[in-house]
Amino acid sequence: MLDINVIRDNLEALRAGAAKKHVEVDLDRLMELDDERRRLIRLVEDAVADQRRRSKALGKLSDEERQKEVASLGELKEVIKRDEESLASVMVDFDALMLRVPNFPAEEVPEGKDDAENVELYKVGEIPKADFDRRDHVELGAHLEILDIERGVKLSGARFYVLKGAGALLHRAVLEFAYQHMIKKGFLPMEVPLLVRDPAMVGTAYYPGGEDQAYRMERDQLSLVGTAEVPVTAYRGGEILDEAELPIRMVARSPCFRREAGAAGKDTRGLYRIHQFEKVEQVVLMKNDEEASYEEHQSILRNSEEVLQALELPYRVVNVCGGDLGVPHVQKYDIETWMPSRGNYGETHSASRFHDFQARRLNIRYRDESKKKRFCHTLNNTVVASPRILIPLLELYQQKDGSVVVPDVLRPFMMGLEVIRPS
RNA sequence: GGACAGGUGGCAGAGUGGUCGAUUGCGGCAGAUUGCUAAUCUGUUGACGGGGGUUUUUCCCCGUCCGAGGGUUCGAAUCCCUCCCUGUCCGCCA
């Protein structure tokens, strides 16, 4: 959410920003609603002040005067009630529209309407050539008996899977490796609720707009999170922090649930697009400083690159274009890891910078040196998401004989297993 | 799930229809006192919104906020309803 005053003062810049993001938002209507809202607030408050004064003065009046005054106040009460109802109805529309006003995209965000126009910034690692025909992860997984998609679908439907044996171990190993990597860097490990109330979903800007992508337990009014970003970012919601506490760097490992509505028929093979996966996510809460925020964005991007480099997986970093940005974003970098079966890089990480957009919705503030309250800045990035990362891991580490070598850094997390072979 | 008791300012804790935004204590901040510290004394001390003023800071006026939302009333922290949360006991349960 943006400050209404900032919106008023930068209306044209915001229009341009929304256009860059290819987001439709009726800012003229917002201005009308804001004018009406301010007018009604003044009207109601002046009337209430009058009502209070006259009500208090009732005791000093004679019986006859009091009777007349009470009758007159009764009429005033009706007027106030009517105006309050008008205000409430304007506020409903105003608040709903405010939640849909997109954040300003950064200068360096490229123009473009969808992910095809994301701009590659750099590549790391050579794409290895194999002197044999590689199997894709689905075939390989079946051959090694570590991945069972058929029975996953039997249990839960399309886009579900079962990992077993060394597959289950590899999944947990890559997550644990990433988790510990972040803890060593000073991030605070967190275990958080995965079912959250609406304010957490709205605060992180998944709602409104993303309702179709989330599993919502209507009976309990809770949503299964699609990322630990939601509970971890919302964790300090409503609080006023000490500046000395900042930045707060947190890391959480959690299951993630996504409906993938609208993706029917897309990426149907294998582990790429699934309803349930696990992710290690880094989240930063920091002071309200655009330059520091930018630096932190670079820093959380590097943290994840370190994980891919330790796994020796080739990847590239892209600067996400306006049309592929979400409503809350200032800027986003995706990391795409080389996936032989796709013959291309596939998205494995997403590093986001929001300025105070989420913090304003979540009401996370701190007192700065001059004791002034300011909204924090928030950022986050994937550290690793599995099983999607198992696609390049299995496909690139496979040997001619159909076995898969376990990357060195993961062996300690796999009870020393060095090579995955059929049982 | 059932029964009971509660939710008041950073914390503790008064207040049961009318100068209550709220007694008091602790904490915080400022000052006094004292070689320093501690102790003591004095003062001060919330959030959000609207308007004015300044437009960096300070300031002034008004409104709202006693878990949330609704209701009764000329007037609600105080009465009523719904929901949320906490505690205790019972039931169920990984």
Using heavy atoms to find the nearest nucleotide of RNA chain B for A:Ile41 and A:Asp46 separately, return the residue whose nucleotide is more 5′.
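Taking each residue's closest nucleotide, the earlier one in sequence belongs to A:Ile41.
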Which is more 5' along RNA chain B, the nucleotide nearest A:Ile4 or the one nearest A:Asp50? Just name the residue.
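Whichever sits nearer the 5' end wins; that is A:Ile4.
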Looking only at atom [atom1], what distance separates [N] and [M], rounded to whole Å?
N: B:G17; M: B:G71; atom1: C1'; answer: 15 Å
N: B:C66; M: B:A76; atom1: C1'; answer: 11 Å
N: B:C26; M: B:U44; atom1: C1'; answer: 15 Å
N: B:G75; M: B:A39; atom1: P; answer: 50 Å
N: B:G28; M: B:A12; atom1: C1'; answer: 15 Å
N: B:G18; M: B:C11; atom1: P; answer: 27 Å
N: B:C85; M: B:A68; atom1: C1'; answer: 10 Å
N: B:G6; M: B:G13; atom1: C1'; answer: 14 Å

What verdict does the salt bridge (charged side-chain N to carboxylate O under 4.0 Å, His left out) test give for A:Lys373 and A:Asp368, after you've listed the backbone C-alpha separation in whole Å, the side-chain angles of each residue and the deciding distance to 0.1 Å?
CA-CA 6 Å; A:Lys373 289 185 295 292; A:Asp368 68 11; over 6 Å; no
Taking the side chain of [X] as its heavy atoms from C-beta onward, which of [options] lies nearest to it?
X: A:Lys77; options: B:U57, B:G75, B:G49; answer: B:G75
X: A:Lys373; options: B:G51, B:C48, B:C62; answer: B:C48
X: A:Arg38; options: B:G51, B:G63, B:C74; answer: B:G51

Report yes if a side-chain nitrogen or oxygen of A:Arg197 is closer than 4.0 Å to either non-bridging phosphate oxygen (OP1 or OP2) of B:C85; otherwise report no.
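Yes, such a contact exists.
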Hey, is the side chain of A:Arg37 poking within less than 4.0 Å of OP1 or OP2 on B:G50, counting only N and O atoms?
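The answer is yes; a side-chain N or O of A:Arg37 sits under 4.0 Å from OP1 or OP2.
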Quick check: any donor-acceptor pair below 3.5 Å linking the side-chain of A:Glu45 to the base of B:G49?
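A donor-acceptor contact between them is present.
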Just verifying a value: how many Å separate A:Lys372 NZ and A:Arg374 CZ, rounded to the nearest 0.5 Å?
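One finds 6.0 Å between NZ of A:Lys372 and CZ of A:Arg374.
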Base, sugar-phosphate, or nothing for A:Lys81, non-hydrogen atoms under 4.0 angstrom?
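Contact class for A:Lys81: none.
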With sugar-phosphate meaning primed atoms plus P, OP1 and OP2, does A:Arg39 contact a base, only sugar-phosphate, or nothing at under 4.0 Å between heavy atoms?
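If one applies the 4.0 Å heavy-atom cut-off, A:Arg39 turns out to touch nothing in the nucleic acid.
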Evaluation steps, side-chain contact (heavy atoms from CB on, under 4.5 Å), between A:Asp50 and A:Val48:
CA-CA 5 Å; A:Asp50 185 38; A:Val48 167; over 6 Å; no
In whole angstroms, how far is the [atom2] atom of [N] from the [atom1] atom of [X]?
X: A:Leu73; N: B:G75; atom1: CG; atom2: P; value: 8 Å
X: A:Asn363; N: B:A68; atom1: CG; atom2: P; value: 14 Å
X: A:Arg360; N: B:C48; atom1: CZ; atom2: C1'; value: 13 Å
X: A:Leu222; N: B:C85; atom1: CG; atom2: C1'; value: 14 Å
X: A:Ile80; N: B:C74; atom1: CD1; atom2: P; value: 13 Å
X: A:Glu85; N: B:G69; atom1: CD; atom2: P; value: 17 Å
X: A:Arg365; N: B:G10; atom1: CZ; atom2: P; value: 11 Å
X: A:Arg367; N: B:G46; atom1: CZ; atom2: P; value: 10 Å

Just to verify, which of A:Leu170, A:Ile274, A:Leu175, A:Leu393 counts as forming a side chain to side chain contact (heavy atoms under 4.5 Å, CB included) with A:Pro387?
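The residue from A:Leu170, A:Ile274, A:Leu175, A:Leu393 that satisfies side chain to side chain contact (heavy atoms under 4.5 Å, CB included) with A:Pro387 turns out to be A:Ile274.
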Given A:Tyr333, which partner from the list A:Val320, A:Leu121, A:Ile300 fulfils the side chain to side chain contact (heavy atoms under 4.5 Å, CB included) test?
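That would be A:Leu121.
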Go through the steps to decide whether A:Glu239 and A:Ile364 satisfy the test side-chain contact (heavy atoms from CB on, under 4.5 Å), and finish with yes or no.
CA-CA 5 Å; A:Glu239 297 186 28; A:Ile364 308 175; 5.7 Å; no
Residue pair A:Tyr315 / A:Gln309, side-chain donor-acceptor N/O under 3.5 Å:
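Yes.
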Is NZ or CZ of A:Arg342 both nearer than 6.0 Å to the six-membered ring centre of A:Tyr272 and within 45° of the ring axis?
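Judged by the rule, A:Arg342 and A:Tyr272 form a cation-pi pair.
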Validate the cation-pi geometry between A:Arg388 and A:Phe277: distance from NZ or CZ to the six-membered ring centre under 6.0 Å, angle to the ring axis within 45°.
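Negative - A:Arg388 is either too far from the ring of A:Phe277 or too far off its axis.
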Watson-Crick or G-U stems involving RNA chain B, each at least 3 pairs long, distances under 3.5 Å, ordered by first number:
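If one scans RNA chain B for consecutive Watson-Crick or G-U pairs, the stems found are B:1-7 with B:84-90, B:10-12 with B:24-26, B:27-32 with B:40-45, B:46-52 with B:59-65, B:67-71 with B:79-83.
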